[in-house]
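For reference, the structure discussed in these notes is given below.
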Amino acid sequence: MSDFIPISKPHFSGLEEQYVLDAVRSGWVSSLGKYIEEFEARFAAYCGTKYALTTSNGTTGLHLALATAGIGPGDEVIVPGLTFVATANAVSYTGAKPVMVDVQSDTLCICPDAVQAAITSRTKAIIPVHLYGHPAAMDEINALAAEHSLFIIEDAAEAHGAEYKGRRVGGLGLAGVFSFYGNKIMTTGEGGMITTNDANFHARAVFLRDQAMSKERRYWHEAIGFNYRITNMQAALGVAQMTILDEMVARRAEILEAYRKVIHTSDAMRLNFRAPWAKSANWMICLEVDAFDAQSRGEFMSRLARRGIDTRPYFCPMTSLPMYQGTTPPVAAKKSVTGLNLPTYHSLTDAEIARVGAAVNEELAQLFPQKAALKSRVAV
Ligand SMILES: *Cc1c(COP(=O)(O)O)cnc(C)c1O
């Protein structure tokens with residue numbers, strides 16, 4: 001269908017081709033080269049952190065951050081019960097146990113009270129995820145971490161440019177981890193970044209990322225390291241994307257406002273929440289309809305698909321997945337069936353947003369003809 005509106009699409013400044021070509025022509029196509037250094041320097045400056053180091057993707061970035069913090073077998077790491085699976089998997093790779101706790105019903109991020117209740121003598125770290133671009137309640141989480149001597153690793157894979165009380169995410173704990181997958185706010189194809197203000201952490205992460213080779217003796221490896229490096233070609237894409245990152249984050253806020261103008265929200269049907277202290281990166285437009293169950297949401301998504309509009313459901317609770325079977329906490333359970341994402345990408349036009357909004361309003365009115373389910377309308 002020619003007028004198909006996808007859920008996501010990358011956006012390029014025009015410099016990407018030039019920089020990637022330059023990287024190829026320079027012969028520095030692997031994991032040394034000027035674009036890697038420049039990308040790391042620019043990204044650290046953007047996040048307001050002292051250091052940034054590139055990784056092959058966000059998942060390896062999370063694993064590397066945990067390994068650098070010394071997390072391993074016998075340890076527990078507290079993660080939100082509603083997130084992309086990479087958050088929990090990265091913990092599993094270290095041999096530690098991911099402990100899933102509930103999320104807040106407004107921010108969709110890890111709930112500090114639930115974290116507190118899950119802390120044991122084995123807990124070593126907490127990974128708050130800034131889900132769909134909204135920052136987690138970092139002061140409360142950092143206070144718990146300080147009290148119990150826990151590491152904080154922010155999963156900022158979806159939150160480039162988001163701010164917590166005026167501070168960019170990525171520098172709010174021991175380390176932050178970003179993803180540059182094709183559907184994220186900025187992309188390098190595949191790629192990731194760890195940000196930190198801790199010099200020792202940074203040095204150890206570089207060492208482990210690069211096969212843990214001794215600086216003094218070549219091919220002498222002092223630990224089981226990894227090859228989690230990015231390539232200079234990907235970093236060239238990243239440097240080009242950095243030149244338009246502010247613009248891309250700003251456009252996402254406009255997209256949310258445009259959706260707010262067309263979609264008839266109410267107490268029982270909401271678009272993205274934003275806490276007063278937060279600047280969200282609005283990675284994805286989130287639509288929650290309290291009346292949805294898995295079946296009616298599926299029907300709604302098929303109807304939009306027939307109208308050429310792509311959507312996707314919220315993530316599945318981690319405890320519903322076969323390898324993490326457990327009791328799903330209530331908010332994660334509810335949100336995972338009532339929430340879905342609408343098309344969100346830089347080049348989406350206001351006319352396309354109006355088309356999506358009208359389709360959402362019409363299909364919901366048809367699915368819930370008695371209207372009570374969608375009522376108690378409030379001003380947006
Ligand atoms: C995308 C994502 C990751 C993983 O990043 P990749 O680059 O795809 O490996 C981790 N956590 C969250 C919350 C994500 O959305």
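Order of appearance sets the numbers: ligands from 1, and atoms from 1 within every ligand.
One N or O on the side chain of Y164 and one on the backbone of D139 form a donor-acceptor pair closer than 3.5 Å. Proximity of a side-chain donor or acceptor of H130 to a complementary backbone N or O of D155 within less than 3.5 Å is not detected.
Pairs passing the salt bridge (charged side-chain N to carboxylate O under 4.0 Å, His left out) check and including a residue from residues 55-81, sequence neighbours excluded, read D75-K124, E76-R122.
In terms of the side chain to side chain donor-acceptor pair (under 3.5 Å) criterion, K279 has no residue partners (sequence neighbours excluded).
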Check each N or O atom of ligand 1 against all protein N or O atoms and list the pairs under 3.5 Å, with atom names and distances to 0.1 Å, one per line.
unit_1   : atom_1 : unit_2 : atom_2 : d
ligand 1 : 5 (O)  : S179   : OG     : 3.3
ligand 1 : 7 (O)  : G58    : N      : 2.8
ligand 1 : 7 (O)  : S179   : OG     : 2.7
ligand 1 : 9 (O)  : N57    : OD1    : 3.3
ligand 1 : 9 (O)  : G58    : N      : 3.3
ligand 1 : 9 (O)  : T59    : N      : 2.9
ligand 1 : 9 (O)  : T59    : OG1    : 2.5
ligand 1 : 11 (N) : D155   : OD1    : 3.3
ligand 1 : 11 (N) : D155   : OD2    : 2.8
ligand 1 : 15 (O) : E158   : OE2    : 2.5
ligand 1 : 15 (O) : K184   : NZ     : 3.1

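Applying the under-4.5 Å side-chain rule to Ile, Leu, Val, Met, Phe, Trp and Tyr, the cluster around Y219 extends to M213.
Atom CD1 in I263 sits 13.0 Å away from atom CZ in R270 (nearest 0.5 Å).
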